[in-house]
Amino acid sequence: MFKRFRKLRANKTIRDLVCETKLSKDDFVYPLFVKEGKFDKIEVSSMPDVYQMDIDTIVKECKEIVDIGIKAILLFGIPANKDDIGSECMSENSLISRTIKAIKQKHPELYIITDLCFCEYTSHGHCGVLDKNTGQVDNDKTLQNSITQALVHIRAGANMIAPSGMMDGIVATLRDGLDKNGYSHIPIMSYSTKFASAFYGPFRDVAQSSPSKGDRKTYQMDIANRLEAVQESLEDEAQGADILMIKPALSFLDIIRDIKNNTNLPIAAYNVSGEYAMLKIAGANGLVDYDKVMFETLLSMKRAGASIIITYHAKEICKVLNI
Ligand code: PBG
């Protein structure tokens with residue numbers, strides 16, 4: 001006696017009926033990069049089809065996004081001037097603030113999530129204020145500046161904030177800061193388990209955010225640690241996070257599942273720049289069927305437990321799902 005699994009694979013109808021995981025256009029968040037200036041858009045060679053855009057171009061891009069059926073974006077800023085604390089992102093008239101207002105004027109329904117970090121804004125490229133003695137990121141000073149940055153985003157009209165700096169206590173600090181300022185309705189999607197990964201390389205070219213010295217290992221997690229990964233996310237849940245995020249996604253599918261099994265919060269996976277670039281290059285060289293491999297990659301993240309997928313493939317996958 002043996003079971004004949006092929007009974008339920010006989011044709012597409014029965015395969016669709018028993019299909020356990022389905023991708024939908026509702027699942028995706030599309031990252032966008034706004035850069036100070038007037039130049040239309042600039043392609044960065046390490047991320048094909050991803051652009052640094054000026055404000056006018058990003059507003060036009062948002063029309064295309066809405067037309068395709070994408071409902072949410074994740075916004076990153078590349079300022080003209082950087083300094084040692086990242087003042088630009090804390091000023092009321094910051095690049096991100098002006099961009100949110102311009103997008104919301106034309107597309108009020110587009111859901112804007114802002115990445116809340118300092119690495120794009122600091123001259124040293126680290127994700128916060130440096131301690132003068134140790135040269136390390138000063139956790140608690142960075143927390144205070146994060147509240148200021150969050151309020152700038154929210155006053156401009158951001159729907160959700162996503163702290164990505166891996167500072168201890170960031171979710172509790174932001175939750176408290178938002179609540180005290182009348183923003184208890186704004187959710188926090190925490191980059192709760194973020195690894196010190198080499199897969200961020202292409203992003204740092206696009207966002208111009210590489211650390212000038214050292215690495216991010218004193219704040220981002222060791223890629224080897226599974227138990228700590230679960231603790232990090234559960235700690236952010238306890239501090240009041242509304243959505244937990246695992247980043248990167250593809251080489252951390254086991255971690256996505258571990259965290260999914262330990263929480264009832266929605267899980268987001270960040271399909272990061274290096275993962276995207278690898279598929280792009282393989283597809284462009286005819287080594288794989290790009291659309292199918294993209295679909296399989298994104299499906300694996302959903303199957304692992306993510307209900308939200310942040311991905312540079314968002315436009316392309318929505319087009320594939322439309323067929
Ligand atoms: C900011 C930030 C990074 C990414 C998202 N937010 C870079 C980093 O931590 O160095 C990476 C995204 C990607 O690689 O697509 N801290």
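One-based numbering, in listed order, for ligands and for the atoms of each. Predicted model only: the values in this text are computed from it and were never measured.
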Could you check whether atom CG of Leu17 has more than 12 heavy atoms from other residues, nucleotides or ligands sitting under 6.0 Å from it?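 Count over threshold, so yes.
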> Phe295 ring centre to Lys292 NZ or CZ under 6.0 Å, with the angle to the axis within 45°?
Replying inline: no
Is there a heavy atom of [X] sitting under 4.0 angstrom from any atom of ligand 1?
X	result
Gln220	yes
Tyr270	yes
Ser164	yes

Numbering the atoms of ligand 1 from 1, which are under 4.0 Å from a heavy atom of [X]?
X	result
Cys119	1 (C), 16 (N)
Arg216	8 (C), 9 (O), 10 (O)
Phe76	5 (C), 6 (N)
Arg204	8 (C), 10 (O)

- Task: Please lay out, stage by stage, how Thr263 and Glu237 fare under the test side chain to side chain donor-acceptor pair (under 3.5 Å).
- Result: CA-CA 8 Å; Thr263 182; Glu237 173 167 6; 2.7 Å; yes
Output side-chain donor-acceptor pairs under 3.5 Å for residues 38-45, partner residues at least two apart or in another chain, one line each.
from, atom 1, to, atom 2, distance (Å)
Lys38, NZ, Asp56, OD2, 2.5
Asp40, OD1, Thr57, OG1, 3.0
Glu43, OE2, Asp49, N, 2.7

Ring centroids only, cut at 6.0 angstrom: are Phe203 and Phe76 within range, meaning strictly under it?
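Close enough - the centres of the two rings lie under 6.0 Å apart.
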query = Hey, mind stepping through Ser192 and Asp236 against side chain to side chain donor-acceptor pair (under 3.5 Å) and telling me if it holds?
reply = CA-CA 6 Å; Ser192 50; Asp236 282 10; 4.7 Å; no
To which protein heavy atom is [atom] closest, and what is the distance rounded to 0.1 Å?
atom	answer
atom 12 (C) of ligand 1	Phe203 CD1, 3.3 Å
atom 15 (O) of ligand 1	Tyr312 OH, 2.6 Å
atom 14 (O) of ligand 1	Ser273 OG, 2.7 Å
atom 5 (C) of ligand 1	Lys247 NZ, 2.6 Å
atom 2 (C) of ligand 1	Lys194 NZ, 3.4 Å

Checklist entry - Does the side chain of Asn81 pick up a donor-acceptor pair with the side chain of Tyr121 at under 3.5 Å? => result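 On atom types as modelled, these side chains do not qualify, holding no pair under 3.5 Å.
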Check your understanding: What residues form a side-chain hydrogen bond (donor to acceptor under 3.5 Å, both in side chains) with Lys22, not counting sequence neighbours?
Key ->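 Testing Lys22 for side-chain hydrogen bond (donor to acceptor under 3.5 Å, both in side chains), a comparison that skips the adjacent residues, returns none.
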